[in-house]
Number of protein chains: 2
Amino acid sequence: MNTKEITDKLTEKGLRVTPQRIAIFEAIFKLDNHPTAENIIEYIKRKHPNISTGTVYKVLDSFVENHLLKKVKTENGIMRYDPLLSKHHHLYCIETNKIVDYEDSELDELLLNYFKKKKIKNFKIQDINLQVTGIVKN
Amino acid sequence: MNTKEITDKLTEKGLRVTPQRIAIFEAIFKLDNHPTAENIIEYIKRKHPNISTGTVYKVLDSFVENHLLKKVKTENGIMRYDPLLSKHHHLYCIETNKIVDYEDSELDELLLNYFKKKKIKNFKIQDINLQVTGIVKN
DNA sequence: ATAATTGCAAAAGCTTTGCATGGCC
DNA sequence: GGCCATGCAAAGCTTTTGCAATTAT
């Protein structure tokens, strides 16, 4: 994801292109492990020491609203950010806090069929999300 | 769940029986909708105006550690508490913030079999949890 | 030009902590 | 009596907010 691609994505969504926004976008891809706001701020401050916390939070919110990122909630309540936009689930490593994306349409169909058959009363399903916790092996 | 039952449960776990602990346990059952710490505090203060925030958090932590409650993380990062201890999933209502328990062994088997067949590389599964978001209908 | 974005600092909101006091076993 | 739990208040941490100054279009 280079600067031109980021610029295009922002423009496409009607968002103004600023150095801060580009830096935040880059950081999320470079950091790669569903970073927290703090991770992002720390990373960016190396090159842009003046970026402010408030700005990063505002930009992240706006990216989530504009479907450029997804917000991922975690065990301890700290939010993390995910650039993978297609439907997917997450594997949570309880030892390292790593979050691994898990994408499989067979699983999604399985779940969809299950709930089609089961028919939960008094509840209209909008989204089904699997959280798998365990340990990453090496 | 009456006072005697609560007392027994606490004793069984080697926890001292105090009026605060009993009140907190009662509150969670009376409130019934996976209450937040704040919900619990507000409820208890009607009868026990002197109970302190710190105590409630400490007691809740200790209950979770001793497997008398489960902690439920939510969309916005505020923790909620669940007295249902058997394996189950949650339906999240995005309109009312209600959390409904969903228990079905057929679903659990389905998931278990799926992952037995799929074999995720480099990951040892400990727990599988489904989060279904949608709208409660009346 | 003008409307949106940034930086800064203050504050909010939930949760944790330390310590003296009090209560349970 | 001894140890554990409570109350209180302070502080911690993540996130939000308000506003003047700056910047993108």
Side-chain angles (χ1 to χ4, degrees), chain A residues 3-4 6-25 27-28 34-45 47-66 68-69 71-81 97, chain B residues 3-4 6-27 34-45 47-66 68-69 71-81 97:
Chain A
T3 307
K4 165 115 181 46
I6 297 172
T7 301
D8 288 351
K9 274 200 180 300
L10 292 173
T11 308
E12 204 175 284
K13 298 289 183 179
L15 297 173
R16 287 191 178 174
V17 179
T18 68
Q20 291 84 345
R21 287 180 175 176
I22 292 173
I24 291 168
F25 223 117
I28 288 168
H34 304 79
T36 62
E38 202 195 344
N39 295 151
I40 294 165
I41 292 164
E42 191 201 343
Y43 180 88
I44 293 177
K45 284 215 163 157
K47 283 189 188 169
H48 307 257
N50 291 331
I51 198 164
S52 88
T53 308
T55 300
V56 173
Y57 278 100
K58 281 173 201 160
V59 169
L60 289 171
D61 276 357
S62 131
F63 284 1
V64 171
E65 261 177 42
N66 287 281
L68 293 169
L69 292 180
K71 210 172 188 175
V72 182
K73 61 193 154 308
T74 62
E75 211 60 40
N76 53 27
I78 299 172
M79 296 301 171
R80 294 169 67 166
Y81 296 87
N97 274 329
Chain B
T3 307
K4 165 113 179 51
I6 296 173
T7 302
D8 288 351
K9 273 200 180 302
L10 291 174
T11 308
E12 204 175 283
K13 298 288 184 180
L15 296 174
R16 287 193 180 171
V17 179
T18 67
Q20 291 84 346
R21 287 180 176 177
I22 292 173
I24 291 168
F25 223 116
E26 279 175 352
H34 305 78
T36 62
E38 203 195 344
N39 295 151
I40 295 165
I41 292 164
E42 190 200 345
Y43 180 88
I44 294 178
K45 283 213 165 159
K47 282 190 188 170
H48 306 257
N50 291 330
I51 198 163
S52 88
T53 308
T55 299
V56 173
Y57 278 101
K58 282 173 200 158
V59 169
L60 288 171
D61 275 357
S62 132
F63 284 0
V64 171
E65 261 178 42
N66 286 281
L68 293 169
L69 291 179
K71 212 172 185 173
V72 182
K73 60 191 153 314
T74 62
E75 210 61 38
N76 53 26
I78 300 173
M79 295 302 169
R80 295 170 65 165
Y81 296 87
N97 274 328

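It should be emphasised that the depicted structure is a prediction, and the values quoted were computed from it without experimental measurement. The chains referred to below are lettered A, B, ... by the order of the sequence lines, with proteins before strands, and numbering in each begins at 1.
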Kindly indicate whether the side chain of A:Leu68, heavy atoms from C-beta on, has any atom under 4.5 Å from the side chain of A:Arg21. no
Please figure out whether B:Tyr81 or B:Leu15 has its closest DNA chain C nucleotide nearer the 5' end. B:Tyr81
Going by side chain to side chain contact (heavy atoms under 4.5 Å, CB included), name the residues that satisfy it together with A:Lys71, two or more places apart in sequence or in a different chain. A:Asp61, A:Val64, A:Met79, A:Tyr81
List for me each residue that meets salt bridge (Lys or Arg N to Asp or Glu O under 4.0 Å) alongside A:Lys58, sequence neighbours excluded, and say none if there are none. none
Round to a whole Å and report the spacing from CG of A:Leu60 to P of C:dT5. 14 Å
DNA chain C: 5'-proximal contact among B:Met79 and A:Val59 (nearest heavy atom): A:Val59
What bend angle does the helix from C:dA1-D:dT25 to C:dC25-D:dG1 show across its length, from five-pair end axes and to the nearest 10 degrees? 40°
Pairwise salt bridge (charged side-chain N to carboxylate O under 4.0 Å, His left out) hits with a residue in residues 7-16 of chain A, at least two apart: A:Lys4-A:Asp8
Without decimals, in angstroms, what is the distance between A:Asn66 CG and C:dA4 C1'? 13 Å
Residue list, side chain to side chain donor-acceptor pair (under 3.5 Å) with A:Asn66, at least two apart or on another chain: none
Taking the side chain as C-beta and beyond, is there a heavy-atom pair between B:Leu10 and B:Thr18 under 4.5 Å? no
With A:Asn76, which residues qualify under side chain to side chain contact (heavy atoms under 4.5 Å, CB included), at least two apart? A:Thr74, A:Ile78
Check every strand shown and say whether B:Pro49 touches a base, only sugar-phosphate, or nothing at a heavy-atom separation below 4.0 Å. nothing
With A:Lys47, which residues qualify under salt bridge (Lys or Arg N to Asp or Glu O under 4.0 Å), at least two apart? none
For A:Ser52, side chain to side chain contact (heavy atoms under 4.5 Å, CB included) partners two or more places apart: A:Thr55
Between CG of B:Asn50 and C1' of C:dG23 the distance, given in whole Å, is 15 Å
Just the table, please: protein N/O against nucleotides 17-22 of chain C N/O, every pair under 3.5 Å.
from, atom 1, to, atom 2, distance (Å)
C:dG18, O6, B:Lys58, NZ, 2.8

B:Glu65: which residues meet the salt bridge (Lys or Arg N to Asp or Glu O under 4.0 Å) condition with it, sequence neighbours left out? none
Give me the first and last nucleotide of DNA chain D, going 5' to 3', that has any atom under 4.0 Å from a heavy atom of chain B. D:dG2 to D:dC8
Side chain to side chain donor-acceptor pair (under 3.5 Å) partners of A:Asn39, counting only residues at least two apart: A:Thr36
